[in-house]
Amino acid sequence: MITRVRSVIRVEGVVQGVGFRPFVYGLAVRLGLGGLVGNDERGVFIEVEGAPALVAEFTAALSASPPPLATVERVSTRPATATGETRFAIAGSSGGGPRRTLVSPDVATCDDCLREMDDPADRRYGYAFVNCTNCGPRFTIVRDVPYDRPNTTMAGFAMCADCAREYHDPADRRFHAQPVCCPACGPRLRLLGPVGGPLPGDPVEEAVRLLRGGGVLAVKGLGGYHLAALASREPAVAALRSRKHRMEKPFAVMVAGLAAARVLCEVDEAEERLLTSGARPIVLLRGREESARLVAPSVAPSGGPSGERPGDRWLGVMLPYTPLHHLLLRGLDAPMVLTSGNVSDEPIAYRDEDALARLGGVADAFLVHDRPIHTRTDDSVVRVLRGRELPLRRSRGYAPRPLPLARALPGPVLACGAELKHTFCVARGAHAFVSHHIGDLENYETFRSFTEGVGHFLRLFDVVPEVVAHDLHPEYLSTKYALALEGPLAGARPVAVQHHHAHVASCLADNGVAGPVIGVAFDGLGYGPDATLWGGEFLVADLVSFERAGHLATVPMPGGAAAVRQPWRMAAAYLDAAYGGAVPGDLDVVRRNAEAWEGVLALGRRGVNAPLTSSAGRLFDAVASVAGVRDVIGYEGQAAVEWERLADPAETGRYGFRLTGSAPFVVHGTDLVAAVAEDVRAGTETGVVSARFHNTVARIVAEGCARVRRAGGPSTVALSGGVFQNALLLVRAAALLEEDGFHVLTHGRVPPNDGGVSLGQAVVAGARDIRH
Amino acid sequence: MAHGAGGKATQSLVEAVFLESFRNPLLEPLEDGAVFDAGTQRLALTTDSYVVSPLFFPGGNIGDLAVNGTVNDLAMCGARPLYLSAGFILEEGFPVGDLRRVVASMAKAAQAAGVRIVTGDTKVVQRGKADGCYVNTAGVGLLDRPGALGVAGARPGDAVIVSGPVGEHGVTIMLARGELDIEADLVSDTAPLNGPAAALLDACPGAVRCMRDATRGGVATILNEIARASGVAVVVEEDAVPVRRAVRGACELLGIDPLYVACEGRLVAVVDGAVADAALAALRAHPLGEGAALVGRVGQDPPGLVLLKTGFGGTRIVDLLVGDPLPRIC
Ligand SMILES: [Fe+3]
Ligand SMILES: [Mg+2]
Ligand SMILES: [Zn+2]
Ligand SMILES: [Zn+2]
């Protein structure tokens, strides 16, 4: 008689809606084991019975080779008494009890589904909503947990007999795929005119015809509406720009596949991996000369005085991630601009009536369908630096995948984030759920996505926060929200986290470490405990606290926020300080802005609406303007982005600089501005000036850290803040630091910009809670 | 000096210190003045102190500002202003000539507003203990119309009106400090509002919910008080808000939002939506309300917030500032 053992197994992680039960079923059947598998609020439970060696093999395979979309975080087992059961069964989901499951992000259409879509004999041939357990909509359609069809926006579609058979067959790849559907029972496409009336013909064919003819098409996607145009048609792209009131910010393009991407851009191995990943982010790629033919100039307008040099074009490229995208691009057979479906700075439209109302003046037609979107989710944006993914916007395809925390939190935390590029974060135990990209909170609809999103996340992850973390900035709408919480959240303890401490902490959490480190936080603006606006900071920090070890010398921002929108004001303030009030009149920046120059200088000198700042972002703005690259910006960070792209990669020279004082030391940004101004006066080529400036800032970062280490500081450095989206600076600073023996931490999971602040707030609040 | 900026910090200071100690039903609403019965009459009482710098500025000085300010606070309660007191705190060495100019403007302003200054007080403090001259005025007025006005009275469907272009006083003062090399053709809007207020009340009996003069913190702050107190949304059309070119230009240079800049002769009124046209017509017929405009509507959702519809159809939250405006963008 063979010994039989029975094991009760619990699997936790992203294990629902990802084909985990069919995988378990298949595994058990293959090994000839008996038992059952089911979903509950905590994840997947299994009972398995058979020969000891086979049960052990079964258990090992659970974490060793789970289905592609699953993330197995924990497998716990305990022995039970064997019952002699030889059949294996799948149990249904059970409700009630605490929810501990994790919701999967949306996943790009898989190859199996694409094959069906392309097979004329398949019943899903040409169907725009084909999906399976390995792919399709998830987070954007989930209304509640557990992740079952009635809790998604597919609830209104009753499965036909064929789909139901697949759904219930443990051997089928659509077993318990909640959004399963087919042309007979699922969502349908329609093409509508600009005022909502249906247009005749096949929706995809007609939409392609419209795009080919130079029209602007609104397309309902996974997380919201996009606006599309044929990328090569300059008039179409220009029309899209003017109707959208988005004049300068680059548009992303979607291409049919990897080969098409390679025609447009240089694609290295890491970039290829990201382009083809299930998350399908927009990947920032260096354009090839061929792109000039296929992508009109105004898709990604060049900045600067003399335009860009050939080969210096950057494009945001993504591959199709829904069946509908595949159908459109096959029809079009050319790159397609695919940009957010909104006007100006509004959030993306995602409800049908709203989209028709708001985009009616922008789109010539609407390609829509009847599967509702529950959560508005923007496309994610990434770039590759130092061979590694650097997220710039973490949203569709990534959220709400949990980020593991090195140390479990004592109590649940809600972190309310910053103000622009806003995200929030809900954390409990060893998981941090950073929200999808919310946007700029000052916009009311965005603010509502924030407050409603918080409610949704607290429900999905079954969290009642004990601590509410927020920024120190008294005017951030997220701060005010945190300090005025009502209802069930009113009892949570508010914890203020300084903006740059949160940046550094987000980098620590991103890398799964606790510090202490030297945190170099270079960004736009964040409120400092001394009520000045910080942003060029060297902090010695761990998750609990920080000390300011060094910073840029403060300068006035003449006109406050106006100095952000008009970098020339920062040029004026910096030049005034650099030249002791006697700015050389032959500088072109003075001439270009002569009309308001003296007035702006006076604001700074008299301190009238001129808050003091140590921001590195403002220093970049100032030099970009002095060099004639940009005096006024059309979108956040534009001056710095263009300044970086102009840099001559071959230039190795740099400027002199001073660090004075100690604890904290001060970096004199005026030195750099004066050096740039003198180079500009001497007629030095802008690309050379830019490179020298970047080299100098990289050197300052390295020298500042060396100084802190000499004074007994740590030898690990964390680079965070929006300025470290700058590839040139990040790569050169990291190289210098590593040469000098530092261990360098950069971002890989959350953005270095304010999109990562909520994670930093959560871990700081949690760490303080532990000490509490 | 966040506590003086007229925003949330001032409000919490007032609530924490004064309301706590003085608490009574008349003070509680924290309106511009108190309204109470004395015998058979309904009276309004208010007081205000003036510390403006510079003392003299284009379009006025601390004297007429002090008279108009108190007249306006009474008028905003729906009262007919009658009698004022005037208190002076003078720094030793303050030129008598300047004092005469201040007092003469007060007399002129009182006459223009139809009020009399009937009592007063003067104190002189050591040099350096004050900045030239401070003025306090208090005033009483008579409520001879039925009905009550209050910031808690706004209802969905109401119309929001301002009596003229906004921001002139605040910008004039900033420029008059002489620190900035900015030339602008601007004078303060300081003026008595009892005339236009009475015209409005007479034209729309029972249909005026509240009136406020948009002083510190400007129109934005008043609208936030109304939205919060009434539990309603106030939705303002950006393009409908009257702002003089010179004010807009100066605000652009200064980097400030005219909606948050003080006025001293402009009122914000919330009226029943059905009488919006009559209200506008009545204000425009008065010389001090010529530039009146319908700037927005009261809605249900989101309660307590002021939203600004921008040119492109966007909707921006116009929030109550905690302190001085600091950039939130990065
Ligand atoms: Fe930041
Ligand atoms: Mg007053
Ligand atoms: Zn699939
Ligand atoms: Zn079906």
Side-chain angles (χ1 to χ4, degrees), chain A residues 245 342-346 358 361 418-421 440-448 473-477 479-480 499 523-527 531 533 535 557-566 569 596 598-603 605-611 613 615 617 636-637 722 753-754, chain B residues 1-2 5 7-9 12 170-171 173-184 224 227-228 233-236 249-257 260-261 299 301-330:
Chain A
H245 298 287
N342 57 5
V343 174
S344 190
D345 293 330
E346 287 282 283
R358 278 166 52 196
E419 174 89 3
L420 294 190
K421 292 185 159 67
D440 170 6
L441 290 189
E442 193 184 47
N443 184 294
Y444 172 64
E445 217 196 306
T446 311
F447 183 75
R448 211 177 48 180
H473 199 311
E475 304 294 350
Y476 276 3
L477 289 165
T479 303
K480 293 174 180 176
H499 189 85
D523 73 346
L525 300 170
Y527 194 85
L533 294 164
M557 287 175 63
V564 181
R565 292 186 293 265
Q566 301 170 15
R569 290 181 183 238
E598 290 299 325
V600 161
L601 282 189
L603 287 183
R605 289 176 185 164
R606 309 285 177 200
V608 177
N609 197 27
T613 186
S615 159
E636 194 198 331
N753 60 43
D754 282 6
Chain B
M1 263 292 282
K8 209 180 253 177
S12 49
V171 171
I173 293 297
M174 285 182 86
L175 299 189
R177 293 195 178 131
E179 301 165 333
L180 309 172
D181 270 327
I182 302 174
E183 295 287 318
N224 267 284
R228 278 162 201 233
V234 174
V235 183
V236 175
C251 281
E252 261 164 32
L253 183 68
L254 291 162
I256 53 180
D257 182 344
Y260 288 93
V261 177
D301 206 43
L305 283 186
V306 179
L307 303 181
L308 188 73
K309 293 257 187 218
T310 61
F312 294 145
T315 307
R316 190 156 68 75
I317 297 173
V318 178
D319 206 40
L320 194 58
L321 294 179
V322 174
D324 294 324
L326 269 180
R328 293 183 299 207
I329 55 183
C330 56

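Chain identifiers are assigned alphabetically (A, B, ...) following the order of the sequence lines, protein sequences preceding nucleic acid strands; residue numbering begins at 1 within each chain. Heavy-atom basis, side chains included; hydrogens, waters and symmetry copies ignored.
Considering only heavy atoms from C-beta on, B:Pro327 comes within 4.5 Å of A:Met557 through its side chain. Looking only at side-chain heavy atoms (C-beta outward), B:Ile317 and A:Arg448 stay at 4.5 Å or farther from each other.
Both the backbone and the side chain of B:Ile256 come within contact range of chain A, with heavy atoms under 4.5 Å apart. Proximity to chain B (any heavy atom under 4.5 Å) is restricted, for A:Leu441, to the backbone atoms N, CA, C and O. Heavy atoms closer than 4.5 Å to chain B are found in both the backbone and the side chain of A:Glu442. Heavy-atom distances place no part of A:Arg605 under 4.5 Å from chain B, backbone and side chain included. Residue contact with chain A, scored on non-hydrogen atoms closer than 4.5 Å, is absent for B:Leu308.
Applying the salt bridge (charged side-chain N to carboxylate O under 4.0 Å, His left out) test to A:Asp440 and every residue at least two apart in sequence or in another chain returns nothing. Residues passing the salt bridge (charged side-chain N to carboxylate O under 4.0 Å, His left out) test with A:Glu475, sequence neighbours excluded: A:Lys480.
Counting all heavy atoms, side chain and backbone alike, A:Ala596 lies closest to B:Leu253 at CB-CD1, 3.6 Å. Here the shortest heavy-atom pairing between B:Leu254 and A:Leu603 reads CD2-CD2, 3.4 Å.
Counting heavy-atom pairs under 4.5 Å between each of A:Leu477, A:Val343, A:Val600 and chain B puts A:Leu477 at the top.
The distance from atom CE of B:Met174 to atom CZ of A:Arg606, rounded to the nearest 0.5 Å, is 13.5 Å. Note that OH of A:Tyr444 is 5.0 Å distant from CG of B:Asp301, once rounded to the nearest 0.5 Å.
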Evaluate the side chain to side chain contact (heavy atoms under 4.5 Å, CB included) criterion for residues A:His473 and B:Val322: first the C-alpha distance (whole Å), next the side-chain angles of each, then the deciding distance (0.1 Å), finally the verdict.
-> CA-CA 10 Å; A:His473 199 311; B:Val322 174; over 6 Å; no
